[in-house]
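In what follows, a structure is listed as structure tokens, so that the remarks can point back to it.
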Amino acid sequence: MKPTNELKKRDIYLNKLIAFQDTEPVKVITGIRRCGKSSLLRLMAQHLLGSGVSPAQIIEMNFESYDFKDMTSDDIYGYVKAKALPDKRLYLFFDEIQRVDAWENAVNAFRVDMDCDIYLTGSNAYLLSSEYSTYLSGRCIEIRMLPLSFAEFINFHGFVIRESMGALGKVRRRAYDAQGESYELKEVFEAYLRFGGMPGIADVGLDQEKAMILLDGIYSTVIVRDILEREKRRGQRQITDAVLLRKIILFLADNIGSSISVSSIGNTLVNEGLLDDGRKSKPSAHTVQAYVYALLESYFFYEIKRFDIKGKDFLRTLGKYYIVDIGLRNYLLGFRNRDSGHILENIVYFELLRRGYDVAIGKLGDSEIDFIALNADTKMYIQVTESMNSEAVRTRELAPLQRIKDNYEKIILSTDTSFENEFDGIKSINVIDWLIDY
């Protein structure tokens, strides 16, 4: 386990926990395996110690540790009760608690019986199932954690950005590593697109072989523990066909950002001979839906819906899927550049989620806007493309935004913005700058 003093900050998430410190709701941190949830708990414990909470008030239990193997909910309750202090608030940290059957009984009992502040992590959306929500009667808040943003990637890998003034008065940026070596920011961004944002890669360095071994471990753990083991739980449809599961994963990873219907996945797998175990019949749409849902519940893929801008309602037509980490996609499919546009979309989608937006695909007649991003205060429309240098591309990307008649911000993000920063009131922003600055 990494010592607390070596932990890298994840302030976007830590600040959310601190904002809800000493409030009634149970703080539930969710996200894919190895995205940093355990480290976030330790960062929160570190914050508490720094603010005057005594070590005896903090109880940490990681249910993937052998120390707590085979515990029941009654065992958890007894363990915590034995450590309770008179007239002192306890801070309870339960890591991967979904591995304990009926764990919600213990958590609810702590809320009722003790003066405590409770923090949970889990790698599966089962943690926030309707059953658990009923138990807590809505008294929980979810903090959704993701792999590293590009800005976090820069920090985790020891790069520092320095600015200088160019000959024409334009600010230039370069990244410097711990040895003082200088890199174009685009080089660092290309490393992010290759290795992805799993925090553990910072421990092994930007070494392709080591990174692939680490990503293989994450993939295997998600499949075994968060999908196959999860399916043993009562009332869940059994996911038993490991070959079919992997083929669906490969299909979705290969088609990020493309319009997909679940009913068509089985057809494609059979028609293109991707089910190479000799089967002739396609899996039913119901079966494929169950497998896709399991992947969504494990936070491996995220689904985005279409929103009719004119009708102001979500559509039931084709949605899209994005993979939680581009490094995992490269592990599954290999490194390639032929669909770099969709890869950029993938990066932008998850950055919008990190920044607290609800995100949908925009539909306006026969036009499509890559993303509509909304939060409590504002709305913005975003197009994502590789380059704005071509007149044809500019026309294609601008046209849907120009048809929207409201006054909300409209942005085109690209790696090559051309010489103009604005077209007809629509901002053209370098995606690397947007990821770092905005």
Side-chain angles (χ1 to χ4, degrees), residues 1-65 67-68 76 79-81 83-98 103 106-107 110-111 114-123 127-128 136 139-158 160 197-203 299 351 353-356 436:
M1 184 177 291
K2 186 187 291 186
T4 304
N5 60 6
E6 293 182 13
L7 292 174
K8 296 279 191 179
K9 292 292 188 182
R10 304 290 301 275
D11 286 343
I12 188 173
Y13 307 106
L14 180 59
N15 290 338
K16 291 178 183 178
L17 286 184
I18 292 171
F20 284 95
Q21 179 186 328
D22 295 320
T23 61
E24 181 187 11
V26 175
K27 276 63 75 176
V28 183
I29 306 162
T30 59
I32 192 170
R33 293 265 171 181
R34 307 286 291 279
C35 73
K37 299 185 299 296
S38 301
S39 294
L40 180 60
L41 287 187
R42 296 201 293 274
L43 283 167
M44 186 63 193
Q46 187 180 53
H47 164 78
L48 291 171
L49 292 170
S51 60
V53 174
S54 73
Q57 290 175 260
I58 299 173
I59 298 175
E60 299 173 271
M61 302 176 74
N62 185 335
F63 295 97
E64 296 199 319
S65 166
D67 290 340
F68 305 111
I76 297 171
Y79 179 88
V80 171
K81 190 172 183 180
K83 292 178 174 288
L85 303 172
D87 303 319
K88 289 281 189 180
R89 168 164 289 181
L90 291 179
Y91 294 87
L92 308 181
F93 294 84
F94 300 129
D95 202 359
E96 299 294 348
I97 196 171
Q98 81 277 355
W103 57 270
V107 169
F110 292 139
R111 290 183 52 256
M114 298 182 186
D115 179 13
C116 60
D117 195 15
I118 304 173
Y119 301 81
L120 315 177
T121 76
S123 299
L127 193 72
L128 287 174
L136 286 188
R139 295 187 181 93
C140 66
I141 59 121
E142 181 186 10
I143 294 171
R144 299 180 181 182
M145 199 165 191
L146 293 165
L148 302 178
S149 67
F150 180 51
E152 289 176 318
F153 177 90
I154 290 170
N155 177 46
F156 267 60
H157 288 272
V160 175
M198 285 298 178
I201 291 178
D203 295 329
Y299 305 106
E351 184 64 23
L353 294 187
R354 286 187 193 92
R355 297 180 186 186
I436 294 172

Within 6.0 angstrom of R354 CZ, more than 12 heavy atoms from elsewhere: yes
Polar side chain donor-acceptor pair, S123 to E96, under 3.5 angstrom: yes
Distance (rounded to the nearest 0.5 Å) between D22 CG and R89 CZ: 4.5 Å
From CG (D117) to CG (L90), nearest 0.5 Å: 10.0 Å
Side-chain heavy atoms of L48 within contact of F93, under 4.5 Å: yes
Side-chain (K37) to main-chain (G31) donor-acceptor, under 3.5 angstrom: yes
Shortest non-hydrogen separation from W103 to L120 and the atoms involved: CZ3-CD1, 3.7 Å
Student check: side-chain heavy atoms of I32 and M198 closer than 4.5 Å: yes
Sub-4.5 Å side-chain heavy-atom contact between R10 and L148: yes
Spatial distance of atom OH (Y79) from atom CZ (F68) [nearest 0.5 Å]: 4.0 Å
Closest non-hydrogen atom pair between P147 and G197, with its separation: CB-O, 3.5 Å
Pairwise side-chain contact, Y119 with L40, heavy-atom cut-off 4.5 Å (strictly under): no
Within-4.5 Å side-chain heavy-atom neighbours: I76 and F63: yes
Residue pair L7, R42: steps toward the side-chain contact (heavy atoms from CB on, under 4.5 Å) verdict: CA-CA 8 Å; L7 292 174; R42 296 201 293 274; 3.6 Å; yes
Contact check, side chains of L41 and N62, non-hydrogen atoms, under 4.5 Å: no
Heavy-atom pair with the smallest gap, counting every atom of P199 and G36: CG-N, 4.4 Å
Distance (rounded to the nearest 0.5 Å) between M145 CE and S38 OG: 9.5 Å
Rounded distance [0.5 Å steps], NZ in K81 versus CZ in F110: 10.5 Å
Atom pair CD1 (I436) and CZ (F150), whose distance is rounded to the nearest 0.5 Å: 5.0 Å
Polar contact flag, side-chain donor to acceptor under 3.5 angstrom, S39-K8: no
S54: side chain to side chain donor-acceptor pair (under 3.5 Å) partners, not counting sequence neighbours: Q57
Mutual orientation of the aromatic rings belonging to H157 and F153 [parallel < 30°, tilted 30-60°, perpendicular > 60°]: tilted
Any donor-acceptor N/O pair, R111 side chain to E24 backbone, under 3.5 Å: no
Quiz: residues 12-21 side-chain donor-acceptor pairs under 3.5 angstrom, not counting sequence neighbours:
| unit_1 | atom_1 | unit_2 | atom_2 | d |
| --- | --- | --- | --- | --- |
| Y13 | OH | L146 | N | 3.2 |
| N15 | ND2 | D11 | O | 3.2 |
| Q21 | OE1 | H47 | NE2 | 3.1 |

Set of side chain to side chain donor-acceptor pair (under 3.5 Å) partners for T121, sequence neighbours left out: D95
